[in-house]
Trainee: 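Before I ask anything, here is the structure I am working with.
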Amino acid sequence: KVVAVIMVGGPTKGTRFRPLSFNTPKPLIPLAGQPMIHHPISACKKISNLAQIFLIGFYEEREFALYVSSISNELKIPVRYLKEDKPHGSAGALYYFRDRIMEEKPSHVFLLNCDVCCSFPLQSILDAHRSYGGVGTMLVIKVSAEAASQFGELIADPDTKELLHYTEKPETFVSDLINCGVYVFTSDIFKAIEGVYSQIRDTSSNYQSATRSAPAHFVRLDQDILSPLAGKKQLYTYENKDFWEQIKTPAQSLKCSALYLSQSRQTSPHLLASGDGTNKKPMIVGDVYIHPSVKLHPTAKIGPNVSISANVRVGPGVRLISCIILDDVEIKDNAAVINSIIGWKSSIGRWSRVQASGDYNDRLGITILGEAVTVEDEVTVIGSIVLQNKTLNVSVQDDIIL
Ligand code: GDD
């Protein structure tokens with residue numbers, strides 16, 4: 001038997017996702033029509049002998065209750081949310097719930113960050129791990145040397161794949177091979193974390209504050225476990241050859257939505273919309289997800305990279321390109337939405353335009369409307385972030401509307 005643990009973090013971590021994270025925990029924000037966390041969960045479902053999936057975080061339990069019960073029913077796999085009383089760090093959180101995780105005596109525990117987007121080749125990681133031995137195997141990927149410093153950088157033996165050296169977000173370049181935040185461990189990982197806790201207990205508080213910046217209950221997987229275990233024939237790497245992105249900002253989530261849509265094109269094309277503007281169906285361009293409850297006018301033109309959630313109404317002549325439209329939004333006649341995320345229950349007026357600013361890239365510049373924002377008729381919103389419940393009756397550009 002194996003189990004999977006997904007680290008979902010908590011409200012203090014979601015600040016870069018404002019205003020979308022005000023009422024919805026970041027892991028539940030939809031990408032390609034499904035909550036962010038649905039993508040790793042459905043990848044877990046494909047592991048043979050998977051007994052349970054645990055989500056560990058410090059959000060309130062009620063925030064995950066509905067999702068956890070519906071996904072458990074849908075996948076027919078128990079999915080449980082375990083709430084920490086306070087953040088314990090990624091390794092500390094795993095250790096805190098060790099008895100629950102090990103209840104059914106699994107041979108292996110998968111550990112996944114919730115905020116990464118990839119095809120999660122979990123079975124291949126497990127198979128590789130079984131051939132390497134040791135405590136754990138981590139998914140790694142090559143990125144550009146400039147990008148590498150935002151991640152854990154590592155050196156692996158090219159032949160044995162052993163993790164030889166690990167540094168978390170180093171200031172000077174170490175390697176273009178980085179940590180993807182996806183791991184499989186044996187139960188010995190708990191001994192390694194226990195070892196860190198006993199070191200913390202054994203050393204004087206002076207030593208503790210000189211060498212560790214974190215509080216005593218807080219143990220990070222990367223700095224506190226991976227770095228010291230590297231080079232000891234305990235940890236191994238499995239290189240990801242498929243797509244991988246981190247999801248720290250709404251702009252990155254737009255890019256990840258596109259990646260998941262294009263994955264659907266390969267694995268489950270029936271989930272994607274089609275139409276050529278005839279037979280009362282609108283023109284669909286490229287990869288588009290449309291929830292079955294959506295009401296679309298046949299003269300709208302939609303795609304590529306568009307995902308439209310439940311109960312959205314799209315009027316005549318509307319143009320949607322590269323955007324995420326959340327539940328209950330109304331987009332009125334001849335409006336255009338491009339490179340933007342439109343929050344729940346918002347309304348876009350006739351002939352209005354919501355789009356990214358000219359220097360849009362995957363970090364900056366997209367427009368995000370919070371929940372229940374009203375953009376009145378003939379208003380242009382460019383590269384702006386608009387907080388919930390605002391009404392815009394004049395055009396704005398590169399602005400934050402509080
Ligand atoms: N439950 C819980 N409790 N979850 C936590 C906690 C905690 O105290 N702290 C972080 N997490 C969750 C976050 O929600 C996220 O899913 C994951 O653990 C990792 O978050 P961070 O520890 O903030 O690290 P990071 O995302 O900046 O970087 C890590 O992931 C990168 C890959 O995405 C590092 O491991 C990097 O080396 C790695 O490249």
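Every number for a ligand or one of its atoms is a count from 1 in the order of the listing.
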Trainee: In terms of atom number and element, which parts of ligand 1 are under 4.0 angstrom from non-hydrogen atoms of Gly57?
Mentor: 1 (N)
Trainee: Describe, in one word, how the ring planes of Tyr236 and Tyr132 are oriented to each other, choosing from parallel (under 30°), tilted (30 to 60°) and perpendicular (over 60°).
Mentor: parallel
Trainee: With heavy-atom distances below 4.0 Å as the criterion, list the atoms of ligand 1 near Phe58.
Mentor: 3 (N), 7 (C), 8 (O)
Trainee: Quick one: look at Asp222 and ligand 1, take heavy-atom pairs under 4.0 Å, and tell me if it's side chain, backbone, both or neither.
Mentor: side chain
Trainee: Keeping the roles fixed (side chain from Ser253, backbone from Pro250), state whether a donor-acceptor pair exists under 3.5 Å.
Mentor: yes
Trainee: I'd like to know if the side chain of Ser346 and the backbone of Val329 have a donor-acceptor N/O pair within less than 3.5 Å.
Mentor: no
Trainee: Provide the number and element of each atom of ligand 1 under 4.0 Å from a heavy atom of Lys169.
Mentor: 25 (P), 27 (O), 28 (O)
Trainee: Does Tyr59 come within less than 4.0 angstrom of ligand 1, counting non-hydrogen atoms of the residue?
Mentor: no
Trainee: Under the rule for salt bridge (Lys or Arg N to Asp or Glu O under 4.0 Å), what residues qualify as partners of Asp399, not counting sequence neighbours?
Mentor: none
Trainee: Using a strict cut-off of 4.0 Å, indicate which atoms of ligand 1 neighbour a heavy atom of Pro87.
Mentor: 8 (O)
Trainee: Taking the six-membered ring for Trp, are Phe243 and Tyr260 parallel (under 30°), tilted (30 to 60°) or perpendicular (over 60°)?
Mentor: perpendicular
Trainee: If you count every heavy atom of other residues, nucleotides or ligands that lies below 6.0 Å from Lys45 atom NZ, does the total exceed 12?
Mentor: yes
Trainee: Indicate, as side chain, backbone, both or neither, the part of Val116 found under 4.0 angstrom from ligand 1 when only non-hydrogen atoms are considered.
Mentor: side chain
Trainee: What atoms of ligand 1 come within less than 4.0 Å of a heavy atom belonging to His88?
Mentor: 8 (O)
Trainee: Is there any N or O on Met7 that sits under 3.5 Å from an N or O of ligand 1?
Mentor: yes
Trainee: Which is closest to atom 6 (C) of ligand 1 in terms of heavy atoms, Cys118, Pro40, Gly89, Gly10?
Mentor: Gly89
Trainee: Is ligand 1 less than 4.0 angstrom away from at least one heavy atom of Arg220?
Mentor: no
Trainee: Of Arg313, Lys345, Arg350, which is the lone residue that meets salt bridge (Lys or Arg N to Asp or Glu O under 4.0 Å) with Glu330?
Mentor: Arg313
Trainee: Between Tyr289 and Gln34, is there a donor-acceptor pair closer than 3.5 Å when you use the side chain of the first and the backbone of the second?
Mentor: no
Trainee: When you measure from the side chain of Asn113 to the backbone N and O of Asp115, does any donor-acceptor pair fall under 3.5 Å?
Mentor: no
Trainee: Please indicate whether any nitrogen or oxygen in Ile56 is less than 3.5 Å from any nitrogen or oxygen in ligand 1.
Mentor: yes
Trainee: Below a 4.0 angstrom heavy-atom separation, can you tell me which part of Ile178, side chain or backbone, both or neither, approaches ligand 1?
Mentor: neither
Trainee: Counting only nitrogen or oxygen atoms and a 3.5 angstrom limit, does Trp244 reach ligand 1?
Mentor: no
Trainee: Can you list the atoms of ligand 1 that are under 4.0 Å from a heavy atom of Tyr166?
Mentor: 37 (O)
Trainee: Side-chain donor-acceptor pair under 3.5 Å between Thr391 and Glu376, yes or no?
Mentor: no
Trainee: At less than 4.0 angstrom from any non-hydrogen atom of Val8, what atoms of ligand 1 do you find?
Mentor: 14 (O)
Trainee: When only distance counts, is Phe218 in polar contact with ligand 1, meaning an N/O pair under 3.5 Å?
Mentor: no
Trainee: Relative to the heavy atoms of Gln246, which atoms of ligand 1 are at a distance of less than 4.0 Å?
Mentor: 26 (O), 31 (C), 32 (C), 33 (O)
Trainee: Using heavy atoms and a threshold below 4.0 Å, how should the contact between Phe97 and ligand 1 be classified: side chain, backbone, both, or neither?
Mentor: neither
Trainee: Quick check: Cys114 and ligand 1, any N/O pair under 3.5 Å apart?
Mentor: yes
Trainee: Among Asp398, Thr367, Asn339, whose side-chain hydrogen bond (donor to acceptor under 3.5 Å, both in side chains) with Ser357 holds?
Mentor: Asp398
Trainee: Under a 4.0 Å heavy-atom limit, does Tyr96 contact ligand 1 with its side chain, its backbone, both, or neither?
Mentor: neither
Trainee: Going by heavy atoms in the side chains, are Trp344 and Asp328 under 4.5 Å from each other?
Mentor: no
Trainee: Between Gly92, Ser90, Pro25, flag the one that comes closest to atom 22 (O) of ligand 1 by a heavy atom.
Mentor: Ser90
Trainee: ring-ring contact (aromatic ring centres under 6.0 Å, His included): which pairs involve residues 141-161, sequence neighbours left out?
Mentor: Phe151-Trp244
Trainee: Taking side chain as C-beta onward, heavy atoms only, is Arg319 less than 4.5 Å from Ile338?
Mentor: no
Trainee: Does only the side chain of Tyr183 get under 4.0 Å from ligand 1, or the backbone, or both, or neither? Count heavy atoms.
Mentor: side chain
Trainee: What orientation do Phe185 and Tyr183 show, parallel under 30°, tilted 30 to 60°, or perpendicular over 60°?
Mentor: parallel
Trainee: Nearest non-hydrogen contact with atom 30 (O) of ligand 1 belongs to which option: Asn113, Val219, Val143, Leu221?
Mentor: Asn113
Trainee: Minimum distance, heavy atoms only, to atom 15 (C) of ligand 1: which one of Ile6, Val5, Asp115, Leu112 is it?
Mentor: Asp115
Trainee: Touching ligand 1 at all, Lys86? Heavy atoms, strictly under 4.0 Å?
Mentor: no
Trainee: Within the 4.5 Å heavy-atom criterion, are Lys390 and Thr374 side-chain neighbours or not?
Mentor: no
Trainee: Hey, is Glu168 touching ligand 1 through its side chain, its backbone, both or neither, going by heavy atoms under 4.0 Å?
Mentor: side chain
